[in-house]
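Order of the sequence lines sets the chain letters (A, B, ...), proteins ahead of strands, with each chain counted from 1.
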Protein chains: 2
Amino acid sequence: MARAVAEKHDEILAAAARRFAVTGYRGTSLQDIAREVGCSKAAVLYHFANKEAILTELMAPAIEVLQALDERIAAHAGADAQRVAAEGFVDLAVRFRREIALLRGEFPELLQQPAFAHIQRISERLIDALAGHPERASARITAFVLLAGISETCGEFVDVPDEELRSALLALVRRALEPVD
Amino acid sequence: MARAVAEKHDEILAAAARRFAVTGYRGTSLQDIAREVGCSKAAVLYHFANKEAILTELMAPAIEVLQALDERIAAHAGADAQRVAAEGFVDLAVRFRREIALLRGEFPELLQQPAFAHIQRISERLIDALAGHPERASARITAFVLLAGISETCGEFVDVPDEELRSALLALVRRALEPVD
DNA sequence: TCAGGCGTTGACCGATCGGTCAGATAGGGC
DNA sequence: GCCCTATCTGACCGATCGGTCAACGCCTGA
């Protein structure tokens, strides 16, 4: 029985991921998810406290890796931090591109939600590290283009093999980045 | 009287732009816009047929310029098309960054709406032109990162002076792009 | 002076949202 | 055979959405 519960839990999670990826978080209703699973909306809410809990659980692994990257960047300094940030973020984006895709540009709003409040601060530090010269506006602009662009792109090119996507992005980042002198 | 009507029309438009920029299109209700203007929701709908009409009118100038860019790219060929696409898009993004900002990542859904159907095709051609080698996956990935990243960035850095943003983006694009041989 | 229409309003509509709840069902332990 | 509980359901809730509508005041041209 316990196994059956876990199965249903995961089934709902997978269905939600599929729907979120197509119509986004806000654009997907609990009814949509229930229909995809083949059960009632009430059943979905029996397995999850509320809609946000589904999203939170779906994003948990990606957030964990993001936090680990944040700590790794903090542990380095100077040019090393820039390299760690660049490679770390590309890896993360490629690996979790399905999770990124399901946010479909709803980042700004979702980041406001308390559950994701700390993500914003991590993003800030990531941009600083990637910029190399955080005080130079052009460096920050470059970093922002890369972060936002890579996120969006990974959400779009879900069918390209991991290694191909990864190497293309890394090559682009190396070309685009102004090195720390 | 006719002037008063036009004034109110523009006032509603400006209020909608302000609200959209903060909470996005979907996240802004007609009630929100009416409150910002200081009138009733019904009054807003007296001046505009529906909510979508407000967005359409708000985006019209940007879409016109995008279409003009599309035609200019089509009129060129080879390496020239890549340069035209790059410079044209950066100019467009910087100039209309407030309009871009108010979409707040709702592009994917909005592009589905019939009013913006052709924008998707224009974007495809823009990516091809920017990629230079549209058949090479890495070139398309690079182009996508730049387009998506620049859009997002322009929506974010609304306070940076036009020329500073423009030159930083152009420099980045030149570094990032693989030239057509 | 008065009829007509423009701009505006609040009340209302149906649809949909996330979420609640009491009760039906079924299956395993006693 | 009986009960208990985990699972699930349909009916329902209040809130909010975009949009409609009859009616009202006011301005204007005849």
Side-chain angles (χ1 to χ4, degrees), chain A residues 1-59 102-104 106 109-110 112-116, chain B residues 1-59 102-104 106 109-110 112-116:
Chain A
M1 177 102 74
R3 179 151 147 250
V5 174
E7 268 172 21
K8 188 76 178 216
H9 181 95
D10 294 350
E11 198 182 335
I12 292 171
L13 218 52
R18 258 174 279 136
R19 296 304 313 162
F20 288 166
V22 176
T23 48
Y25 176 69
R26 293 190 56 172
T28 301
S29 68
L30 292 171
Q31 193 63 255
D32 290 334
I33 298 171
R35 198 179 304 121
E36 178 102 7
V37 174
C39 68
S40 70
K41 186 179 65 167
V44 172
L45 287 168
Y46 172 78
H47 289 274
F48 292 88
N50 49 44
K51 192 184 175 187
E52 190 183 334
I54 302 177
L55 179 66
T56 307
E57 187 164 332
L58 227 32
M59 300 301 292
L102 64 81
L103 290 180
R104 299 245 308 161
E106 296 178 37
E109 294 161 55
L110 291 173
Q112 311 289 34
Q113 290 192 238
F116 299 112
Chain B
M1 177 99 78
R3 178 148 149 251
V5 173
E7 268 172 21
K8 189 74 177 223
H9 180 95
D10 293 351
E11 198 182 336
I12 293 172
L13 217 52
R18 259 174 278 136
R19 296 305 313 160
F20 288 166
V22 176
T23 48
Y25 176 70
R26 293 191 57 172
T28 301
S29 68
L30 291 172
Q31 192 61 253
D32 290 334
I33 298 171
R35 198 179 303 120
E36 177 101 8
V37 175
C39 69
S40 69
K41 186 179 65 166
V44 172
L45 287 167
Y46 172 78
H47 289 275
F48 292 88
N50 50 44
K51 191 183 175 188
E52 190 185 333
I54 302 177
L55 179 66
T56 307
E57 188 164 330
L58 227 33
M59 299 301 292
L102 64 82
L103 290 179
R104 299 245 309 162
E106 296 177 37
E109 295 161 55
L110 291 174
Q112 312 287 34
Q113 290 192 239
F116 300 111

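One interatomic measurement links the two molecules: CZ of A/Arg35 to P of D/dT9, which rounds to 14 Å at whole-angstrom precision.
Side-chain nitrogen and oxygen atoms of A/Tyr46 include none within less than 4.0 Å of the OP1 or OP2 phosphate oxygen of D/dC8. A close approach under 4.0 Å does not occur between any side-chain nitrogen or oxygen of A/His47 and OP1 or OP2 of D/dA6.
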Atom pairs and distances, side-chain donor-acceptor, residues 34-45 of chain B, under 3.5 Å, sequence neighbours left out:
from: B/Arg35; atom 1: NH1; to: B/Asp32; atom 2: OD1; distance (Å): 3.2
from: B/Glu36; atom 1: OE2; to: B/Arg18; atom 2: NH1; distance (Å): 2.5
from: B/Ser40; atom 1: OG; to: B/Ala43; atom 2: N; distance (Å): 3.1

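Residues B/Lys51 and B/Thr28 come closest through the heavy atom pair NZ-O, 2.7 Å.
Side-chain proximity of B/Ser40 to C/dT9, D/dC8, C/dT8: nearest is C/dT9.
Taking CG from A/Leu13 and CG from A/Leu58, the interatomic distance works out to 5.0 Å, rounded to the nearest 0.5 Å. With values rounded to the nearest 0.5 angstrom, A/Ile33 atom CD1 is found 13.0 Å from A/Glu11 atom CD. To the nearest 0.5 angstrom, B/Arg19 atom CZ is 12.0 Å from B/Gln31 atom CD.
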> Which nucleotides of nucleotides 15-22 of chain C have their base under 4.0 Å from a protein heavy atom (B), which only their sugar-phosphate (S), and which neither (-), written as one string 5' to 3'?
Replying inline: --SBBBB-
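Among residues two or more places apart in sequence or in another chain, the side-chain contact (heavy atoms from CB on, under 4.5 Å) test is passed with B/Asp10 by none.
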